[in-house]
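First comes the structure, then the notes that go with it.
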2 protein chains.
Amino acid sequence: MKVSIKDIAKKAGVAPSTVSRALKNHPRISADMQATIQALAAEMGYVPSESARHLAGKQSRTIGVAIPDFTDPFYMNILSGIEEVAIAHQHELFVGSFNQDLDRDRKLFDAFDQKRLAGFVVAGSLVDAAYLTRESGDIPAVLINHYEYPFSVAIDQMRGVEMGVNHLISLGHRKIAYVALGTTTSSDSLRYQGYINGLESSGYQTNPSWVVEGDGGLAGGLSAVKRLMALPDPPTAIMCYNDRTAIGVITGLHQIGIAVPDDVSVVGFDDLEIAAYFLPSLTTIQQPHVHLGRQAAEKLFALMHGATVQAELLEPKLIRRNSTGPLHG
Amino acid sequence: MKVSIKDIAKKAGVAPSTVSRALKNHPRISADMQATIQALAAEMGYVPSESARHLAGKQSRTIGVAIPDFTDPFYMNILSGIEEVAIAHQHELFVGSFNQDLDRDRKLFDAFDQKRLAGFVVAGSLVDAAYLTRESGDIPAVLINHYEYPFSVAIDQMRGVEMGVNHLISLGHRKIAYVALGTTTSSDSLRYQGYINGLESSGYQTNPSWVVEGDGGLAGGLSAVKRLMALPDPPTAIMCYNDRTAIGVITGLHQIGIAVPDDVSVVGFDDLEIAAYFLPSLTTIQQPHVHLGRQAAEKLFALMHGATVQAELLEPKLIRRNSTGPLHG
DNA sequence: ACGGGGTGCGCAAACGCTTGCGCAATGCTA
DNA sequence: TAGCATTGCGCAAGCGTTTGCGCACCCCGT
């Protein structure tokens, strides 16, 4: 049986409203009374009920975050960034994952407005972004790496992959493969487009059989690269959807006795922390992940405070490391 | 302005209580009425308020999770496991991170009972486990990898490290170093103890200068190993607090031209997914992470349903891979 | 024809808190 | 010393739901 504000009021011989005000240092309550009540509250082990507070007070202090997968470090970094500014603004986070399961996705967004959230940010391109804007029209939201939405912060993914491909071309590579994500998301198609653009802008053709699908994870990269290298005319360089895929790819190459970067060059996307530590260290396209999260959150708070914000497109950056090298022989 | 149950009631010409019941398919409401009201609710875009529901209904459907760090894949795997069973039980998750900042930690646990959570699980050894049991005495909780607490699920970390050390000894190594976590947690001291035990049970002495501190991450492992190998009498094998540390260690060794496992053997702890993909692949102690999360959650639900549960100690397992090899010359 | 047991629904209290007012007592200005 | 602003606190109306009762009404059995 939790102690309530009324219990304190009774014991202190005052009205509940006085307790409520004393607890928040309301100026119209005497300092003595505030001290008395706060001491009493502490002694009785009073813990305010968030629900009641929210119901009566009208304003929520928690913002929602939707990410595709708890085990993907990229999104976790974003989450950290968001958490950081949320804390700075004295807000809490409600985090949910939306995976492939469309039904669960709806549940998550339902939960968002059942909680009457102050706002939310969703990271990762939505399969069906339409219902996002529709369902929760009233509560402010910002999207990460989504391009049609007015309030978003994103990096130029297409340009990023293009930079990777150009780098490969400048090293002399012509047979450049691409390991895609495999699910139809805007990130996947944008990066794929970047691959195509990179090739075509230099006047080279892509070979459709050099485009294979991974799953965005280590396992997907590993199996994809084995299919790739079994081709009659295998590539000499591989652009990957992301770093995790790239690591899977390199491990796969290692397993079949192909050296990186001597035989084949590999470039990733994201610049996860591990990219600098992997052996060989990964040439990759940097996304400022934590920064992305921070930016998104800042933008959300601005929105919540009624400010007008606009979509933001960040520049990617090529990080040269040791998984890419000049074409031999 | 959200539509409420009263709005629907008014429009339907019935009492709010009828709407409430119709929405939950109460048997005492006619099928016709249920259909009418549900249709009306959908049409008006009714979304129930969680706060109001919680306030009136008394029971929460969300369980809390506290983890040390969003960016540590180990905990994220645990989180996935928890999420899985929470969903199966139709519950939601409220996840918070508690880092080194003691003040924030308190805030997190305060939030837990302000939300009147149905229960919660905390992963990672608490710096100050005392206040946990004290503060939130009323709401059921289970701890992961904590040993004094009656309701917990843990693996035998001490035994795990001991297995790693034994493996190294069986390969001929005698100069075995340990890279610790660096913060005073039970996990750290238990694993350290396992290291000592492993050495002493085989009759070997430990050299205090071979015990250095990392930070549980890649960077910490990297800098630790450099201090280690700069010693006048450097070790030939290194047991690490966890996989991330081990990866940092291997990368560090690589940077100073020391080969793994030819010159130095390295073993990790956790068996993260990356352990199997790293080059060289990591010999490590397996913790069934996702399983740990699942178990913890199951146990929590049992507790919530009034069942009596007891602490559980899982066996670790040595996974032999390519970062360890026989001692040369 | 009469009592008993469902049905189908409304009333109102309660959950724990916030907040606009109201009202007394005090301090101040002129 | 009258008049006014200020200070300090209580009253009560919500916030959006849930739920225990109560009360008609209808269908049966006898």
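Sequence lines set the chain letters: A, B, ... in the order given, protein chains first and strands last, and positions in each chain run from 1. Just so you know, these numbers come straight off a predicted model, no measurement behind them.
Between dT17(D) and K6(B), no contact under 4.0 Å exists linking OP1 or OP2 to a side-chain N or O. The side chain of R53(A) contributes no N or O atom lying less than 4.0 Å from OP1 or OP2 of dG16(C). Considering only side-chain N and O atoms, S20(B) lies under 4.0 angstrom from the phosphate OP1 or OP2 of dT18(D).
When atom types are taken as modelled, the side chain of D7(B) and the backbone of S4(B) share a donor-acceptor pair closer than 3.5 angstrom.
Interatomic distance, Q38(B) CD to E43(B) CD, rounded to the nearest 0.5 Å: 13.5 Å.
One N or O donor and one acceptor, one from the side chain of S17(B) and one from the base of dC11(C), sit under 3.5 Å apart. Side chain R28(B) to base dG10(C): no donor-acceptor pair is found below 3.5 Å. Counting distance only, with no hydrogens placed and no angle test, the side-chain atoms of S30(A) and the base atoms of dC9(D) include no donor-acceptor pair under 3.5 Å.
Aromatic ring pairs are classed by plane angle as parallel below 30°, tilted from 30° to 60° and perpendicular above 60°; the pair F112(B) and F109(B) is perpendicular.
Along DNA chain C, the nucleotide nearest to R21(A) and the one nearest to I5(A) differ in position, and the one closer to the 5' end is contacted by I5(A). Residues V14(B) and A56(A) each lie close to DNA chain C; by heavy-atom proximity, the contact nearer the 5' end of the strand is made by V14(B).
H26(A) has its NE2 atom 10 Å from the P atom of dT19(C), to the nearest Å.
Taking the centre and axis of the six-membered ring of F94(B), the NZ or CZ atom of K115(B) falls inside the cone set by 45° and 6.0 Å.
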